[in-house]
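Below: one structure, written as structure tokens.
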Number of protein chains: 2
Amino acid sequence: MRYQTERNIVATIDDVAKAAGVSTSTVSYVLSGKRPISAPTRARVERAIDKLGYRPHAGARALASARTNVIALMAPLRVGVNVPVIMQFVAGVVTRARDFDHDVLLLTQDDVSGLDRVTGGSMVDALVMMDIEADDPRVPLVAAAKQPTVLIGLPQDPEGLSCVDLDFEAAGRLAVRHLARTGHTDVALIGSPPEVLQRHTSYAERLMRGLRSQATSSGLTARVEACDSSPSGASAAVDTLLATAPDTTGIIVHNEAALPHVLSRLAERGIVVGADMSVIAVCPTDVALSQRIPMTSIDLPAEDIGKVAVDMVMARLEGDHPSETRLLSPVLTERESSAYGPAGALD
Amino acid sequence: MRYQTERNIVATIDDVAKAAGVSTSTVSYVLSGKRPISAPTRARVERAIDKLGYRPHAGARALASARTNVIALMAPLRVGVNVPVIMQFVAGVVTRARDFDHDVLLLTQDDVSGLDRVTGGSMVDALVMMDIEADDPRVPLVAAAKQPTVLIGLPQDPEGLSCVDLDFEAAGRLAVRHLARTGHTDVALIGSPPEVLQRHTSYAERLMRGLRSQATSSGLTARVEACDSSPSGASAAVDTLLATAPDTTGIIVHNEAALPHVLSRLAERGIVVGADMSVIAVCPTDVALSQRIPMTSIDLPAEDIGKVAVDMVMARLEGDHPSETRLLSPVLTERESSAYGPAGALD
DNA sequence: TATTAATGTCGAAGCGCTTCGACGGACGGA
DNA sequence: TCCGTCCGTCGAAGCGCTTCGACATTAATA
């Protein structure tokens, strides 16, 4: 038996007002702080609130204030390549949203009609959308909505929406530059699965662009190999690479799921990563650390990106901040999977 | 430029009523179907609705009807052991919720106050909670709430709440029985990380219980090894096991993250899985299939469990179904990681 | 001391929807 | 032909909250 005056009869703001001997609006102002309330009144109200266990009714509040304190997050939930990465995005978004006193409504990627539903029905104040493709059909939809939206990823045409992502082009350059400086002359990218490339997922293309431009300006040879995320796909990619470009001494892997299999295959072929071959991973730090050896990596700060996305969307919600695109600078951390190449130190 | 009568001025039900030349309530009844409406009237209303692009306001609806059409899902978002599994639960819940015309509000495991918020604030109609521990502090909280809740997992005392989970005890028995039948006499469990065991996560304990009881009745020796999910943790578990019980020919692995590392370590030690050693994994099928060889496994039907959870919670929402506990029967699928043991076929 | 400006509180008008009771008309049975 | 039904529709009363304007007080200014 618990102390509860009446099961399922919940206190309303009027009950609180009555109990505190003030008007309804006063209670509301105590709660919102939008008008000054004297200390004694406030105290009485607050006492009444927790004596009654009062909780404002979210729907009523939304109706009256046109604010729901909920944001929508559209995430790809299909099992696939980058599940841990997705989880980190989600975690970042949810925890940061709480800092702004918002909750998160979860939409799945393929539920396109969900956008209309939550938007038109005023279920949410704002949206965050992950995994944006170059020519994403959802972009025009949310661009037409009244709620501000931020995209995680970079579409061809953002249509005035805010975007945030890792600067993959810079990451590509950074990885190649690092390999060049440490004496490598023949490098390769083992990248996303062919499907991802075909979808023109922009991050994959941006990484390749950066890699190629830096290879050119550093005078390196750079090869690119698509890579299915399965063990056999990874083996195949490694084998093809080593067959067509046997002089390769530096590999950049941008495929979390394939990474362990790539390393296994290299090991099977007697190639010692960190000595014969330098491998740089582009992935979250915890993934880099849970490989057979700690990987030199460019961090994909998924959780941070999620948080920044929320910051941006909240900024738009408050003031009249313009939309913007933020690309986070890549950071490379040396660990045990990379070493000097045939040309030795260059600095 | 788009066709939109007025940016941000959205149509209300009254606008629709006016446009269709009927009363507000008629429109409402067209939408809800709670009273009969003649075909011509219905048609006029529907035409008005999509001419105006009308969407009912979720908050207003919630206020008037005491139904939000949202359920809360509390999931562990910390990066950890079983990320892919969690994602599958989540996906199951979200997709099934949509079948019932509900959306999902995502709460993180550690945000205990979130329970109170969404519950007391009437933000949701029901709750689903994952990753329930034996003595979970959240259970009494949601048990006191007015919304129905289903737990994924089994607490010591469900306090009248519904539960759903894989029948891990049966899974433990099934795995051992299979090994016994295929001629193994010395088997072992490589299980959850020590932290998980210390939290008394019930699934780990239930699996062990089933395993031990079946080992006893089948006359096998069964050893249990906790296992950290890191590569080194997995290696250590394998090494310890092989040192203390060198006759082991059958291993049950119940730790998705450690699984690949366990297999690697066995390979490193020159032990051929599927020949020298039979390994049965307890994990989702797709995890079983993405190892170096296709694993014989007992499926952890995460997505199904999520769906069943939603089915159960919806049932309670509709009628006055009593609370229940559903344990899904384990299914073992033979693949390439298991073979006959020293005693040969027994059937 | 008279006048203005804060300061603190109240009352009432919605926000957009659901739902209950009422009501007019068509219909079948007596 | 009259009455009881059922069908389809309407009007109005909320659901619980926010917010605007008004109204006392009290404090600051001339």
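Just so it is clear: chains get the letters A, B, ... in the order the sequence lines come, proteins before strands, and each one is counted from 1.
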Out of dC7(D), dG16(C), dC17(D), which has the shortest distance to the side chain of Y54(A)? dC17(D)

Walk along nucleotides 19-27 of chain D from 5' to 3' and tag each nucleotide B, S or - by protein heavy-atom contact under 4.0 Å, base first, then sugar-phosphate. BBBB-----

Worked check of salt bridge (Lys or Arg N to Asp or Glu O under 4.0 Å) between D101(A) and R98(A): CA-CA 5 Å; D101(A) 196 32; R98(A) 285 305 310 145; 3.7 Å; yes

Is it the case that the side chains of S28(A) and S25(A) hold a donor-acceptor pair, with the cut-off being a distance below 3.5 Å and no angle test? no

Find the distance [X]:[atom1] to [N]:[atom2] and express it as a whole number of Å.
X      : N       : atom1 : atom2 : value
I13(B) : dA12(D) : CD1   : P     : 16 Å
H57(A) : dT18(C) : NE2   : P     : 14 Å
I49(A) : dC17(D) : CD1   : C1'   : 13 Å
R67(A) : dT18(D) : CZ    : P     : 13 Å
I37(B) : dC6(D)  : CD1   : P     : 18 Å
N69(B) : dG16(C) : CG    : P     : 20 Å
R55(B) : dC17(C) : CZ    : P     : 12 Å

The helix from dT1(C)-dA30(D) to dA30(C)-dT1(D): angle between terminal helix axes, five bp per end, to the nearest 10 degrees, reads 30°

Can you pull the salt bridge (charged side-chain N to carboxylate O under 4.0 Å, His left out) pairs that have at least one residue in residues 114-124 of chain B, sequence neighbours excluded? R55(A)-D116(B), D103(A)-R117(B), D111(B)-R117(B)

Tell me the salt bridge (charged side-chain N to carboxylate O under 4.0 Å, His left out) pairs involving residues 62-71 of chain B, sequence neighbours left out? R67(B)-D125(B)

Does dC10(D) have OP1 or OP2 under 4.0 Å away from a side-chain N or O of S23(B)? yes

Please determine if a side-chain N or O atom of S38(A) lies less than 4.0 Å away from the OP1 or OP2 oxygen of dT9(C). yes

Quick check on DNA chain C: between R42(A) and L63(B), whose nearest nucleotide comes earlier from the 5' end? R42(A)

For residues 136-143 of chain A, please give each side-chain donor-acceptor pair under 3.5 Å, one per line with the distance, not counting sequence neighbours.
residue: D136(A); atom: OD1; partner: R138(A); partner atom: N; Å: 3.0
residue: D136(A); atom: OD1; partner: R138(A); partner atom: NE; Å: 2.8
residue: D136(A); atom: OD2; partner: E133(A); partner atom: N; Å: 3.0
residue: D136(A); atom: OD2; partner: R138(A); partner atom: NH2; Å: 2.8
residue: R138(A); atom: NH1; partner: Q109(A); partner atom: OE1; Å: 3.1
residue: R138(A); atom: NH2; partner: M130(A); partner atom: O; Å: 3.4
residue: R138(A); atom: NH2; partner: D131(A); partner atom: O; Å: 3.4

Closest to the 5' end of DNA chain D, once T41(B) and D14(A) are matched to their nearest nucleotides, is T41(B)

Suppose we screen for side-chain hydrogen bond (donor to acceptor under 3.5 Å, both in side chains). Which residues come up paired with E303(B), at least two apart in sequence or across chains? none

Salt bridge check: are K18(B) and D15(B) linked by an N-O gap of less than 4.0 Å? no

Is K307(B) paired with D304(B) through a side-chain N to carboxylate O contact shorter than 4.0 Å? no

Considering every strand and a 4.0 Å limit on heavy-atom distances, what is the contact class for P56(B): base, sugar-phosphate, or nothing? sugar-phosphate

With side-chain contact (heavy atoms from CB on, under 4.5 Å) as the test, would you mind laying out the steps for I71(A) and M314(A) before giving the verdict? CA-CA 10 Å; I71(A) 69 177; M314(A) 287 297 155; 3.7 Å; yes

